[in-house]
Every structure is written in C-alpha cells, then in structure tokens.
Amino acid sequence: MAFQSDRSGNFEIMLMGSDGSNPVNLTGNPAADTDPSWCGPEKIVFTSDRGGNLDLYSMSSDGSSQLKLTDSPASDWAPACSPDGTKIAFVSERDVNNEIYSMNVDGSGELRLTQSGSADTFPDWSPGGSSITFVSQRDGNREVYVMDSDGSGQTNLTNNAAEDTGPDFAPGGTQIAFSSDRNGTAQIFLMDVDGSNVYPLTNSGGAESNPSWNSSGSQIVFHSDRDGNREVYRMASDGSFQTNLSQGAYEDSFVSLE
C-alpha cells in the first residue's frame with residue numbers, strides 16, 4: 001500500500017506491506033508529496049509542490065522515474081487512476097473553483113468534467129471505468145456524487161445534511177465506501193451505488209476517512225486519529241477486525257491499495 005507520511009520531517013509518499021511491514025520512502029524530496037494513487041502495479045501518481053505549485057507527478061512503484069504531468073499556474077491535486085491505468089481524474093483550481101478534470105496518464109488530453117461553480121473534489125473511478133464518484137459542495141455541504149466518465153449524468157447519492165466525503169468504489173462495483181459525520185464524528189460508511197442502504201462500518205469516536213478497498217473486496221484500509229494522530233488502519237469489509245497498521249507518533253494518511 002502507498003500512503004503519505006511526515007515521519008521523515010515532511011510529507012513523503014511511502015510504501016509498506018499490507019500488514020504494515022517494511023515502510024519505504026519512495027519520493028525522498030524536501031517538498032510535500034501527497035495523495036498517492038496506483039496506476040496498475042508498476043506506477044504511482046501523486047501530488048507535489050516541489051515546483052512551487054501543486055502539480056501531479058508519476059513515478060515507478062520503486063520511486064524511480066519521477067515525472068511531472070501537469071504544469072498549470074493553478075493547483076492540481078488528488079489524482080485517481082482509471083482501472084486500466086490509461087486515465088487520471090484529478091482536482092484543479094484553474095477555473096477559480098475546484099473542479100474535476102481527466103487526462104491521459106502521460107498528462108495529455110485534459111478534459112474538464114465538472115462545471116458546478118462550487119468545490120468538486122476527491123474523484124474515484126468505478127471498477128469498469130465508466131463512472132466516477134466525487135465530492136461536491138454545490139448543495140451547500142459536501143455530498144458524494146457520481147457521474148459518467150465524460151462528465152455527464154451528475155447525480156447526488158447522499159442527500160444528507162452531514163459532511164460526506166472520500167468515496168471509493170468496491171471492486172465489484174455494487175457498493176461505495178465513504179466518510180460521513182452524520183453520527184457526530186467522521187466515520188466510515190458503506191452504501192449501495194444508487195445511494196441506498198447506508199450503514200456505518202466504524203464507530204470509534206475518532207475522525208476516520210479516506211477508505212480504500214483491496215482488490216478482492218474483503219478488506220478496507222482508512223486513516224483514523226482515534227489514537228491521537230492519524231494512522232493507517234485496516235478492517236474487514238463488514239467493519240470487523242479493525243487494526244492499526246502504522247503505529248507511530250507521525251501523521252500517516254491517504255492510503256492507496258494496489
């Protein structure tokens with residue numbers, strides 16, 4: 001799993017085993033490197049301000065061949081790779097508000113997908129690549145939306161007065177994990193892809209977000225501050241067997257599973 005951590009003094013992209021073993025710093029840069037997303041088993045895309053502005057970069061899964069993908073005067077961040085590894089959805093402020101864009105994995109072919117005039121963030125692709133979930137504030141608070149991969153058919157799935165964020169499609173495409181504070185504190189929830197059948201998976205009292213499924217759909221990783229700082233946790237897809245994988249005094253978060 002790839003994740004961001006400040007254990008070296010600034011945020012870097014790190015890699016560790018699914019049990020939390022053998023953490024390795026992949027980026028090794030004095031800038032802030034964040035928001036990792038796998039593009040197949042050999043490539044990771046991420047956000048960095050090493051050029052003086054938030055831009056998207058790619059690298060091999062061993063940290064080599066780090067390449068800059070975007071070069072906009074606005075901030076580009078929160079990349080998410082399509083299942084086939086050919087496209088990247090991301091957030092950009094180049095049109096004043098945060099909006100969702102897509103582009104080819106080499107940085108070409110940029111396409112604006114949302115034009116709501118509000119903050120649209122945190123995209124995630126469906127397993128087949130035909131749909132993208134994202135978070136929007138167009139209704140006055142953060143809600144989970146879904147749209148076709150070309151930006152059409154934008155639909156509010158959560159319709160709740162709470163803050164709903166961080167959606168991630170289950171590998172089977174029938175459910176979406178997300179974070180919501182509808183019970184008081186941000187916790188991990190599960191819902192069907194049409195927004196129905198919503199129920200909580202965590203109830204720790206800490207703030208928990210950024211769920212990410214493993215490839216079989218049997219487990220979900222997320223970050224939680226239930227122990228005083230943000231750590232990477234793993235649980236079964238029904239919410240059982242919640243385990244702290246990172247266990248340290250540093251900030252570990254925004255985990256992405258290959």
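Note: hydrogens, waters and symmetry copies are ignored here, and every other heavy atom, side chains too, is used.
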Any side-chain donor-acceptor pair under 3.5 Å between [X] and [Y]?
| X | Y | answer |
| --- | --- | --- |
| Thr185 | Asp181 | no |
| Ser118 | Gln137 | no |
| Thr114 | Glu99 | yes |
| Asn244 | Asp227 | yes |
| Asp55 | Thr70 | yes |
| Ser218 | Ser216 | yes |
| Tyr233 | Asp252 | no |
| Thr158 | Asn160 | no |

Non-hydrogen atoms of [X] and [Y] that approach each other most closely:
| X | Y | answer |
| --- | --- | --- |
| Gly17 | Met1 | O-CE, 3.9 Å |
| Asn141 | Ala162 | ND2-O, 2.6 Å |
| Pro36 | Phe46 | CA-CB, 4.2 Å |
| Leu190 | Gln175 | CD2-NE2, 3.5 Å |
| Pro127 | Gly172 | CG-C, 4.4 Å |
| Ser136 | Arg138 | OG-NE, 2.8 Å |

Under 6.0 Å between the ring centres of Phe254 and His223?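 Centroid separation for Phe254 and His223: below 6.0 Å.
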Output, in order, the C-alpha distance, side-chain angles, deciding distance and verdict of side chain to side chain contact (heavy atoms under 4.5 Å, CB included) for Asn183 and Phe189. CA-CA 10 Å; Asn183 288 347; Phe189 283 73; 3.5 Å; yes
Just wondering, do [Y] and [X] contact through their side chains at under 4.5 Å, heavy atoms?
| X | Y | answer |
| --- | --- | --- |
| Pro123 | Val91 | yes |
| Leu245 | Glu231 | no |
| Val255 | Ser253 | no |
| Phe3 | Met16 | yes |
| Glu143 | Leu157 | no |
| Gln187 | Pro200 | no |
| Glu258 | Glu42 | no |
| Phe169 | Pro167 | no |

Working to the nearest 0.5 angstrom, can you tell me the gap between [X] [atom1] and [Y] [atom2]?
| X | Y | atom1 | atom2 | answer |
| --- | --- | --- | --- | --- |
| Gln242 | Thr202 | CD | OG1 | 6.0 Å |
| Lys43 | Ser65 | NZ | OG | 9.0 Å |
| Ser48 | Ile13 | OG | CD1 | 8.5 Å |
| Leu26 | Ser60 | CG | OG | 10.0 Å |
| Phe90 | Leu113 | CZ | CG | 9.0 Å |
| Ile132 | Asp124 | CD1 | CG | 9.0 Å |

Ignoring hydrogens and geometry, is there a side-chain-to-backbone donor-acceptor pair from [X] to [Y] under 3.5 Å?
| X | Y | result |
| --- | --- | --- |
| Ser179 | Ile188 | no |
| Asp148 | Gly151 | no |
| Asp6 | Gly9 | no |
| Asp33 | Glu12 | no |
| Ser204 | Gly206 | yes |
| Asn159 | Asn156 | yes |
| Asp49 | Ala31 | no |
| Asp168 | Trp213 | yes |
| Gln4 | Asp35 | yes |
| Asn53 | Ala74 | yes |

Please determine whether a side-chain nitrogen of the Lys or Arg among Asp225 and Arg230 lies less than 4.0 Å from a carboxylate oxygen of the Asp or Glu.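 No, no charged N to carboxylate O under 4.0 Å.
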Do Ser240 and Asp238 pass the side-chain hydrogen bond (donor to acceptor under 3.5 Å, both in side chains) test, and can you show the C-alpha distance, the side-chain angles, and the key distance before you say yes or no? CA-CA 6 Å; Ser240 62; Asp238 63 359; 2.6 Å; yes
Single hit among Ile44, Val45, Leu69 for side-chain contact (heavy atoms from CB on, under 4.5 Å) with Pro79: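 The side-chain contact (heavy atoms from CB on, under 4.5 Å) with Pro79 is passed solely by Val45 among Ile44, Val45, Leu69.
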[Y] reachable from [X] in the ILVMFWY side-chain graph, under 4.5 Å edges:
| X | Y | result |
| --- | --- | --- |
| Leu15 | Leu257 | no |
| Phe222 | Tyr250 | no |
| Leu201 | Val198 | no |
| Val144 | Phe134 | no |

Set out, in order, the CA-CA distance, both residues' side-chain angles and the distance that settles side chain to side chain contact (heavy atoms under 4.5 Å, CB included) for Glu251 and Phe11, then state yes or no. CA-CA 9 Å; Glu251 294 289 307; Phe11 277 110; 4.2 Å; yes
Asn10 vs Ser8, side chain to side chain contact (heavy atoms under 4.5 Å, CB included): CA-CA, chis, key distance, verdict: CA-CA 6 Å; Asn10 62 290; Ser8 63; 4.0 Å; yes
So Arg182 and Asp164, salt bridge (Lys or Arg N to Asp or Glu O under 4.0 Å) or not? Walk me through it. CA-CA 8 Å; Arg182 61 186 64 193; Asp164 300 320; 3.0 Å; yes
Could you go through Asn29 and Tyr57, starting from their C-alpha distance and side-chain angles, then the distance that decides it, and tell me whether this counts as side-chain hydrogen bond (donor to acceptor under 3.5 Å, both in side chains)? CA-CA 13 Å; Asn29 193 287; Tyr57 290 74; over 6 Å; no
Fit a plane to each ring of Phe122 and Trp77, take the angle between them on a 0 to 90° scale, and name the class: parallel (under 30°), tilted (30 to 60°) or perpendicular (over 60°).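 Correct class here is perpendicular.
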Taking CG in Asn197 as the centre, count heavy atoms belonging to other residues, nucleotides or ligands within less than 6.0 Å. Is the count above 12?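 Yes - once you tally the heavy atoms of other residues, nucleotides and ligands closer than 6.0 Å, there are more than 12.
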Run Trp38 and Ser61 through side chain to side chain contact (heavy atoms under 4.5 Å, CB included) and show every step you take. CA-CA 8 Å; Trp38 288 90; Ser61 57; 3.7 Å; yes
With Arg234 as the cation and Phe241 as the aromatic partner, state whether NZ or CZ is under 6.0 Å from the six-membered ring centre and within 45° of the axis.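 Verdict for Phe241: no cation-pi partner in Arg234.
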